[in-house]
Structure formats: structure tokens, C-alpha cells
Amino acid sequence: MPKTKAQTDNDILSASFRDPSGFLFSHNGVLYRQVNHSYSEHYNKLIDSGLYDELVTAGLLIPHQEVRQAPAEENTAFKVIQPEMVPFISYPYEWSFGQYKHAALATLSIQLRALKRGMSLKDASAYNIQFVRGKPVLIDTLSFEVVKKGLPWVAYKQFCQHFLAPLALMALKDVRLGQLMRVHIDGVPLDLASKLLSFSTRLNFGLLTHLHIHAGAQKRYADADIKKIKQGRSMRVQAMQGLIENLRSTVKKLNWKPGGTEWGNYYDITNYSEKAFKQKKDLISEWIARVQPSVVWDLGANNGEFSRIPSQAGIFTISSDIDPSAVEYNYRRVRKDKEKNLLPLLIDLTNSSPGLGWANTERESFINRGPADMVFALALIHHLAITNNVPLLKLAEYFASLGKWLVIEFVPKSDSQVKKLFRSREDIFEHYTKNGFEYAFGKHFNIRESIPIIESERTLYLLQEHE
Amino acid sequence: MILLINTLISGFGDNLVYLDPGSGSFLIQLLIAALLGIGVAMRASWSKIKGLFGFKPKADEDAEDESTDG
């Protein structure tokens with residue numbers, strides 16, 4: 001994560017500035033969270049009420065330890081805590097529908113549990129949820145506040161914008177609308193969601209109230225004085241529970257069925273023989289054992305078939321694909337098999353997540369969250385070089401920026417999958433040959449292995465970046 | 001900005017509230033919650049009555065619903 005230098009030799013994380021309760025900083029490569037004095041009452045209640053233990057035991061909150069590390073800003077510091085490290089920070093626009101829905105349900109479950117112990121979430125940002133060991137976890141320990149009797153849920157608007165609106169659009173309009181989160185840093189505006197959703201969604205009580213009427217109220221009362229609204233009105237905890245439970249049942253009813261796409265049943269229609277498939281898997285296993293990476297990024301991973309070779313060997317693996325259905329199938333398998341080392345993500349490599357938010361540093365670009373120790377680019381290069389017209393030299397440079405080791409499959413023009421790509425366009429790619437590939441990638445990598453895949457036209461390479 | 005928001009909602013007496021809850025969001029929430037709160041209160045009373053006759057209350061729902069498709 002990008003950092004800004006504090007007065008001390010600590011680095012304060014650039015995304016950690018909105019909440020005055022505290023902030024994240026790193027010192028000698030270790031991540032800490034400073035808890036400020038102004039938050040002490042709430043922090044103590046989180047611990048003393050048993051809420052912290054309950055949430056950590058349920059796997060809903062990131063565990064932390066109180067440490068003696070010097071704070072980054074002494075004047076304001078109450079405590080310094082060291083949270084468990086999250087292996088990879090991902091963002092809502094990189095999640096499959098199922099991941100997003102589970103993140104929303106986790107947030108609501110946390111809020112319900114908090115209310116029972118006299119606390120409430122003071123923010124409901126989708127960015128506070130991360131996937132750890134395959135499951136959604138709240139990573140912001142300072143998100144809780146002591147319930148102030150009579151006050152409504154301060155994060156209601158944020159929950160609707162960060163979770164309900166994008167999920168409703170994805171489930172009921174088009175799954176690609178999840179990408180609106182990339183444009184709107186504080187969640188999808190409710191008036192926009194209301195406009196985009198079909199009229200029939202007004203027949204759903206939850207969507208009618210939390211989205212459509214909510215959007216109308218936002219417009220109508222935009223300039224209203226909140227103090228006047230509060231006069232004579234208060235909200236009982238029971239009412240707040242009813243609200244959260246209704247949000248939960250509304251979210252639960254939002255569903256999406258992944259369809260068959262050009263990638264959806266890729267392994268069934270590919271020109272690989274069983275022998276070739278096995279050879280590819282065996283080679284990858286062998287190379288992983290040789291290189292022993294601690295982080296692998298499998299790019300264009302489809303449903304994660306090959307990502308599971310490193311992840312099942314205990315290596316944390318990102319398994320990304322451009323296709324929402326493939327990522328959804330991948331995530332469902334993670335949940336079904338309780339896989340802990342695999343993180344499926346929706347990434348379009350031709351336009352991967354940029355730096356976003358304030359000064360473009362609040363949300364990091366995909367590339368900045370690397371490098372990985374080892375990158376897989378299997379059955380991918382023809383899509384980037386031919387479909388997207390990226391020259392091989394640029395591809396080599398790009399992959400060199402992502403990881404030290406590269407397992408890449410060269411798919412020549414004679415391959416049936418590449419022939420398909422030429423059905424509708426001219427071949428203007430004179431350098432797209434095996435020699436051209438080796439020349440371009442040789443500029444950045446040493447070729448450690450080059451093995452032809454049996455019963456196919458393809459070659460699998462193990463490349464190591466130049467020292 | 002944070003100072004401005006804090007000033008705006010200082011009527012709530014909580015200096016740590018750094019989000020703008022939004023006036024419209026605030027109002028509509030009160031109305032929906034009042035409606036839904038009645039349901040919660042009724043359910044609570046119903047489970048107390050059932051408790052008198054020896055019915056055990058249902059365990060809390062799990063954090064997540066595994067189903068994401070229709």
C-alpha cells in the first residue's frame with residue numbers, strides 16, 4: 001500500500017486518513033494500527049464487552065495484539081495494536097458476485113452481533129472487508145462505537161451505497177455493473193441505482209424502501225437540517241435490529257447465476273488431450289517445488305484449475321480472470337472445499353485496477369500490490385497479443401514488473417484457439433512466432449526451461465527475471 | 001472536511017462520527033426502522049410466549065448464506 005512519511009520514521013498508510021479514531025502505519029515492514037485517545041472508550045468497550053472475542057472466534061474480525069511499539073503520533077496515541085497481516089488487499093470491483101454478497105452479509109452479521117453487546121458499526125465500507133483464508137473478514141478494528149441511545153445507524157447510507165445498490169444492480173440488471181464501484185469511490189449513488197433498476201424492483205419491500213424511497217428521500221431532504229429531523233424522534237435498538245435484519249433478508253434474496261461463456265467451459269472444449277493436460281500440471285508442480293515461491297499470481301486463471309497446484313501446496317495464490325462467471329465458479333469452489341490459500345479475483349488485464357481515490361493512492365493499482373514471486377500466464381498470451389494488439393516486447397516488460405519468475409505458455413498461430421481469433425480479423429502479427437516470443441521475453445528474462453506440450457502446438461516456459 | 005462534518009452533526013454529541021449520515025438517509029431510516037421494529041418486538045414477545053410452553057428459541061443465523069445463485 002502506498003505510504004506517506006510521518007514526522008517519525010514510521011510510514012502512515014495513504015488510505016488511512018478518514019477516521020480520526022486512529023490509523024495504520026508500518027515500521028520496519030510490520031503493520032501497526034495506532035488507536036487514538038479519542039477512541040479509547042470505544043476500544044475498551046469492544047474488548048470488555050466480549051464483542052472482540054466473539055467476532056474473532058466467528059472469523060468475522062481480524063485478530064490483533066496490543067504491542068509496545070512506539071506510536072507514529074505520540075500526542076494522540078492511546079494504544080498501538082498489531083493486526084494479523086492480510087495476504088492481499090482486494091477491492092469490491094475485483095470481487096465476484098458471491099464474494100460481494102458474502103462481504104455484505106458478514107458486515108450485517110457483525111452489526112447485529114455488535115448491537116447485542118451495546119455497540120454499533122460506525123462505518124460500513126466495503127473496503128473494510130477483506131478475504132482471509134477464503135472468507136470475508138472486517139479488517140478495521142476501529143469501526144465500532146458505543147451505541148448512543150436513540151440514534152439511528154450512522155452507516156446506513158454507506159451500507160446501501162457500498163453493498164445493497166451494487167449487489168442489486170449485479171443481480172437484477174447486469175453483473176458487470178459491479179464495476180460502478182470503480183467510478184464511485186464512496187459507493188454507487190442511490191439515485192443512479194434507482195434509475196438503472198427495473199420498475200418491478202419496487203415490488204420488493206427491501207429494495208423499495210432501502211433503495212428507491214431512500215434515493216428519493218436523499219434528494220428531497222438534501223438541504224434539510226439534520227438537527228431538526230432529530231427533534232422529537234429517536235430510534236430504539238429493537239428498531240435498529242429490525243432494520244439490519246431486513247437489510248439482511250433483502251441481500252440474501254439477491255442471487256446471480258453464472259452463465260456459460262467463452263471461458264465458462266474452457267477445459268471441456270480446449271484442444272488439450274488428457275496426456276497434455278497432465279504433463280502441464282506435472283511440469284508446474286515440479287517448477288513450484290524448484291522455485292518455492294511464497295506468493296503466486298495466476299493471471300487468466302479461468303476457474304482456477306492450475307491455481308490450485310500452488311494453493312494446495314500451501315502457497316498463497318491469486319487466481320484472476322476477466323470473466324465474472326469463471327471467477328464466481330472459482331469462488332464457489334473455494335467455499336465448498338474450504339480452501340484457505342486461494343483468492344479468486346475479477347481482473348481485466350487489458351485495463352487492470354488503477355490507483356483510485358484521493359491523490360490516486362487510496363486504492364492501489366493491481367500492479368502496485370505486487371510483485372509476486374511467481375506469475376502464471378497459461379493459455380493467455382494470444383488473448384493479450386492478438387485480441388488486444390499488445391506487442392510481445394510490451395508484454396514481456398509487463399510480466400517482468402509483476403514477478404521474478406514466470407510460467408508462460410506460448411500458443412502459436414497454428415493452434416486451433418488462435419485460429420479462432422483470426423476468423424474475424426486479419427493477421428497483422430508478423431512477430432507473433434516462437435522465435436519472436438523468445439526474443440522479446442529474452443530482453444527481461446532468462447529461459448530456464450522450454451518444454452513442448454505433447455499432442456499440442458504449445459510450449460511451456462519457465463522464465464526467471466534478469467538479476 | 002472532517003471538522004466540517006463533525007460540526008454539522010455535533011448535535012449528536014459524538015465527536016467520533018466522521019461519516020456524513022445524510023439527512024434524507026437519516027429520516028428514511030427512522031421511518032423504516034420504526035415499521036420493522038414492530039416486527040422485531042412482536043417476534044420477541046412471541047418467542048417469550050413459546051418459551052413459556054417449553055419451545056427452544058432458534059439459534060442465531062450464521063454469518064453468511066452460502067447460496068449466491070437462484
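Model, not experiment: these values are computed from the prediction. Just so it is clear: chains get the letters A, B, ... in the order the sequence lines come, proteins before strands, and each one is counted from 1.
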Rounded to the nearest 0.5 Å, how far apart are [atom1] of [X] and [atom2] of [Y]?
X: A/Asp223; Y: B/Ser23; atom1: CG; atom2: OG; value: 8.5 Å
X: A/His214; Y: B/Leu27; atom1: NE2; atom2: CG; value: 10.0 Å
X: B/Leu36; Y: A/Leu243; atom1: CG; atom2: CG; value: 6.5 Å

With a 4.5 angstrom heavy-atom cut-off, could you sort out which part of [X] is near chain B: side chain, backbone, both or neither?
X: A/Ala215; value: neither
X: A/Gln241; value: both
X: A/Phe159; value: neither

Residue among [options] with most heavy-atom pairs under 4.5 Å to chain B:
options: A/Met235, A/Gln218, A/His210, A/Arg220; answer: A/Met235
options: A/Asn246, A/Ile110, A/Leu108, A/Leu112; answer: A/Asn246
options: A/Arg236, A/Lys219, A/Gln158, A/Lys253; answer: A/Gln158

Check: Under the 3.5 angstrom rule, does the side chain of B/Gln29 hit a backbone N or O of A/Tyr156 as a donor-acceptor pair?
Finding: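 Not at all, since once roles are kept as given, no pair shorter than 3.5 Å links the two residues.
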
Next item on the list: Would you name the heavy atoms of A/Ile213 and B/Ile28 that are closest together and state the gap between them?
Entry: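 Closest approach of A/Ile213 to B/Ile28, heavy atoms only: CG2-CD1, 3.2 Å.
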
Next item on the list: Return the minimal non-hydrogen interatomic distance between A/Ala239 and B/Ala33, and the atom names on each side.
Entry: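 Where A/Ala239 meets B/Ala33 most closely, the heavy atoms are CB-O, 3.4 Å.
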
Checklist line | Residue B/Leu35 versus chain A: region with a heavy atom under 4.5 Å | finding: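 When you check distances to chain A, only side chain atoms of B/Leu35 fall under 4.5 Å.
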
